[in-house]
Peer 1: 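I have a structure here, written as structure tokens, and I will follow up with some questions on it.
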Amino acid sequence: MKRRDFLKNSALASGAFLIPSFLKPFEAMASNELSGFKNLVIIQLSGGNDGLNTIVPYGNDIYYQKRNTIAIQPTELVKLNDMQALNPNLSALKELYDQGWMSIINSVGYPNPDRSHFRSMDIWQTGSSSDQFLTTGWIGRYLDANCAVNKDPYTAVEVDDTLSLAMKGAKMKGIAVQNPAKLYKNTREPFFKELVDEHDAHLNEDNLGYLYKTMIETYSSANYIQQTSKTYNTTAQYPQTAFAGQLKSVAKFINSGLKTRVYYVSLSGFDTHTTQLNQQGRQLKIYGDAVAAFVKDLKQTGKLDDTLVMTFSEFGRRVEQNASNGTDHGTANNVMLFGGKLKKQGIYNNAPNLAQLDNGDLKYEIDFRNVYATLLDKWLNVNNSSVLNSGFKGLDFV
Amino acid sequence: MSELEKIKHLYARAGFGLNADKLAVYQRLSVKQAVDELFRSSATSQSLALVTENVNYKMADKADKADTLTRKMFMKQQRQLERDLNIAWINQMSSTESQLREKMALFWHNHFACRTQNPWYAQQLNNIQRDNALGNFKTLLMQVSQSPAMLQFLNNQQNKKGHPNENFARELMELFTIGRGNYTEQDIKESARSFTGWGFNNRGEFVTRAQQHDDGSKTFMGQTGNFKGEDIINILLQKKQTATFLCTKLYRYLVNDVPDKTHVAAMADVLYKGNYEISPLLKFVFTADWFYAPANTGNLIKSPVDLIVGLNRQFYITYNNPDVMMQFQRALGQVLFYPPNVAGWPGGKNWIDSSSLMVRLKIPSTVLNDGVIDFHGKADPEDEAFLAAMPNRKPQAKTQAQTIADWDKFLAGIPKGTTKEQIADMLLSPAITNSLKAVITQSADVKSMVVELVSTPEYQLC
């Protein structure tokens, strides 16, 4: 008997067998379905990352004219082509770029952009128009659309201690797991175990049934995630940052064969109204070093071809800097993609147009929902119209 | 259902729950008397008075000078005030006798969901919602519409003749009065023109700016005239659909997630015929037979604030570190004054996911035993500027809850000879199932049984 089998069996014996068959925990499923299992990893940069100082349009004079004190000089940049270059704090990503594991989509946004953090984040997380309020997230609706296949909360895992709106559907929701062992321990509180074991008539369609169903699914998922992920021992080196630790957890989940389709992680601190160079530089270094370690780890384990990473922020910042050596809230921004199976590697479309602005802000060229549509259609294998309502054609980056 | 059970249900919905020691008092009352008592104890409105001056403009001028230190200090001070305001309101809800008023203020806080960076404006709007919570909806709507917080939030400061900003006009119809599908895009345009010139001055007072007002003729919902903002609000309130829209929302807040058309129609009649007086409508609901029907009891999911406040009230909890209450709100997905968008918190099953449920089940044992808190919740998007400006911030370590529950007072409230099952009935709204009975009969003593009872999925319901 292999160790994995032993764990599976012992998990089954630990009390979960009282769960009715329609809530059958994953432990009982076969593991041969795992090869070719595609993962989407979403990285949210919170606060409105300044895309123009991330992927710098150094070939455009306007950039230097508008950013007297915060423009980065060509000699310091890590050049990608004649027009755009990486912020020096992202130098770790250059190797990924050269290997064809990185793609940059410029000028992603939406019509009538909202410059408030929480509203624009709401729009990005729900996939709504700017005049529409949705109570479900786009990944949540993906779970709803696909619930016949992906029944369990761990289909979408957020490495955090709370779940983002993006991950909540009407019927299905993902699960937040900051630390699998901790979640497992919390759910195994003897009293909770008794409640789960003793439940009987609760599983009706009413709210009490819903609460018990959620509790039992959490109980079962916590067990599955803990038992599965602990079979894998990470050998790759990661930087000593909290964010790198989160990506390390994601890699561990992927490498251990967790049947999760979508992972979600966030990095805060990008709202750089003042003294931006240091603030943003610090956060970008955390981001770039962690992503580089993550991608190389997955390359090493042979999982990079099955993984696609998408990084977004709720908006970019104004083209012109402000008087405090920072930038204020703007509109369109770049989206960064990483993976072993990118169709169009490198820079996907033209650098942002700095001459034709909308009230001092970049005009969007690609609707963010077209990026989502591509991920849904070509990577997660659901028809995007079941998640995004209006028909988006999608792009061809994968 | 016995009279006492009905009164318990009434207080669970119209307030934050009935305390153990009140049971003996209410045992002698009829439902009708209990309803009267509920209104009597909410007769006066106690305003929040934590923020004492409107510091925004004075300080913002300094911040504009690009003085980083001042800006940081300003941000810190503002955040501190926002936090203090939040906690002041939670404390008021946790201790007041005016349960109904606070519960309805919470309803209007969500109905007129609004964010402002200015704590003075936030407090002002909150007091409008509390003062008018049981009053007249038209007065409430007018005052909210003319509050700096809302004018700023929905961009009416930028709504000027020739350059209308439609944000306020749209939300007024979509979310505050008549609801989607009952107006045209043209109605939005025409009403936006009517609200041109509505704004506020540097002292935070409502002003109508005559030069910015478009005084041309407008056609709104079939009526034509030289309309001002007030006229638009009047026309909207003349539509019965506005009463229906409000009553549907209120029904979902007080009665059931799934609106019953007949009940809602009866409520709308009362509200509409009563010129949008709120108290008669609430009395109608609280005395209706269907309010006490089994289908409408013990089946609403408590909002995070309901849950926290309910615990605080039942167990007289003192927080030596009030930030813990902020942490709970963040982890459970409802931070007062920080609604997710102008549509407010969706509520119901939306409150519950794997993580929020586990936190809900853990909170009672944590606050009742001064346990350790090892979850944090995410920063709000609006906190990002603060986070960006504060390098080297460390993730919080595990913290002790630093709470004291007054167990003696709680236990003293329980009459002698009360059985375990009766205590369970008192604490939980849904009927106690056999399986739960089996679990709690194993509890070592009353105290641990009580902690267990409030750590159940059942306790999430009211």
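Convention: sequence-line order gives letters A, B, ...; per-chain numbering from 1.
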Peer 1: Taking NZ in B/K437 as the centre, count heavy atoms belonging to other residues, nucleotides or ligands within less than 6.0 Å. Is the count above 12?
Peer 2: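 Yes, the 6.0 Å shell around NZ holds more than 12 heavy atoms from other groups.
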Peer 1: Who wins among B/P346, B/G333, B/P340, B/A343 for the most heavy-atom pairs under 4.5 Å with chain A?
Peer 2: B/P340
Peer 1: A/T218 and B/S354: which non-hydrogen atoms are nearest, and at how many Å?
Peer 2: OG1-OG, 3.1 Å
Peer 1: Pick one of side chain, backbone, both or neither for B/S365, based on which atoms fall under 4.5 Å of a heavy atom in chain A.
Peer 2: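 The answer is neither part of B/S365.
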Peer 1: Nearest 0.5 Å, please: how far is CE in B/M358 from CZ in A/F192?
Peer 2: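 One gets 5.0 Å once the value is rounded to the nearest 0.5 Å.
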Peer 1: Checking B/N167 against chain A: side chain, backbone, both or neither under 4.5 Å from a heavy atom?
Peer 2: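 For B/N167, there is no contact with chain A at all, as no heavy atom is under 4.5 Å.
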Peer 1: Considering only heavy atoms, which portion of A/D122 lies under 4.5 Å from any heavy atom of chain B: side chain, backbone, both, or neither?
Peer 2: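 Just the side chain, heavy atoms under 4.5 Å.
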Peer 1: Could you tell me which portion of B/R360 (side chain, backbone, both or neither) has an atom closer than 4.5 angstrom to a non-hydrogen atom of chain A?
Peer 2: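 It is neither, since no heavy atom gets under 4.5 Å.
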Peer 1: Under 4.5 Å heavy-atom distance to chain A, tell me which part of B/F153 shows up: side chain, backbone, both or neither.
Peer 2: side chain
Peer 1: Given heavy-atom pairs under 4.5 angstrom as the criterion, report whether the side chain, backbone, both or neither of A/E189 touches chain B.
Peer 2: side chain
Peer 1: Which distance, rounded to the nearest 0.5 Å, do you find between the CG of B/D353 and the NZ of A/K168?
Peer 2: 5.0 Å
Peer 1: Would you find more than 12 non-hydrogen atoms of other residues, nucleotides or ligands less than 6.0 Å from A/K182 atom NZ?
Peer 2: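 It does: A/K182 NZ has more than 12 such atoms within range.
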Peer 1: Identify which of A/T272, A/N325, A/I175 forms the greatest number of heavy-atom pairs closer than 4.5 Å to chain B.
Peer 2: A/I175
Peer 1: Closest heavy-atom contact between B/V342 and A/F133?
Peer 2: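 Answer, listing the atom of B/V342 first, then A/F133: CG1-CZ, 3.0 Å.
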Peer 1: With a 4.5 angstrom heavy-atom cut-off, could you sort out which part of A/F270 is near chain B: side chain, backbone, both or neither?
Peer 2: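 Only the backbone of A/F270 comes within 4.5 Å of chain B.
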Peer 1: Counting only heavy atoms closer than 4.5 Å, note whether B/A438 contacts chain A via side chain, backbone, both or neither.
Peer 2: side chain
Peer 1: Walk me through whether A/N207 and B/N299 qualify under side-chain hydrogen bond (donor to acceptor under 3.5 Å, both in side chains).
Peer 2: CA-CA 6 Å; A/N207 282 336; B/N299 67 339; 5.9 Å; no
Peer 1: Atom OG in B/S355, atom CD in A/E158: separation rounded to 0.5 Å?
Peer 2: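 The CD atom of A/E158 is 8.0 Å from OG of B/S355, to the nearest 0.5 Å.
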Peer 1: Please report the interatomic distance NZ(A/K171) to NZ(B/K349), rounded to the nearest 0.5 Å.
Peer 2: 11.5 Å
Peer 1: So, do B/T456 and A/F191 sit near enough that their side-chain heavy atoms are less than 4.5 Å apart?
Peer 2: yes
Peer 1: Is the shortest heavy-atom distance from the side chain of B/I352 to the side chain of A/L211 under 4.5 Å?
Peer 2: yes
Peer 1: Where on A/T187 is there a heavy atom nearer than 4.5 Å to chain B: the side chain, the backbone, both, or neither?
Peer 2: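 Both backbone and side chain.
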Peer 1: To the nearest 0.5 Å, what is the distance between CE on A/M215 and CG on B/L361?
Peer 2: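 Nearest 0.5 Å value for the CE-CG distance: 5.0 Å.
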Peer 1: Name the member of B/R180, B/K362, B/E174, B/R170 that forms the most heavy-atom pairs with chain A at distances under 4.5 Å.
Peer 2: B/K362
Peer 1: Does the side chain of B/R330 reach to within under 4.5 Å of the side chain of A/T162, using non-hydrogen atoms?
Peer 2: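 Heavy-atom side-chain distance check fails, nothing below 4.5 Å.
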Peer 1: Determine the option with the most heavy-atom pairs under 4.5 angstrom with chain B, choosing from A/A170, A/S266, A/S164.
Peer 2: A/S164
Peer 1: Just checking A/N278: does its CG atom have more than 12 heavy atoms from other residues, nucleotides or ligands closer to it than 6.0 angstrom?
Peer 2: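 Atom CG in A/N278 is not packed in, count stays at 12 or less.
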Peer 1: In Å, rounded to the nearest 0.5 Å, how long is the span from CG of B/L357 to CG of A/L163?
Peer 2: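 Going from CG on B/L357 over to CG on A/L163, the span is 12.5 Å.
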Peer 1: Check whether the side chains of A/Y212 and B/E458 place a donor and an acceptor atom closer than 3.5 Å, and report yes or no.
Peer 2: yes
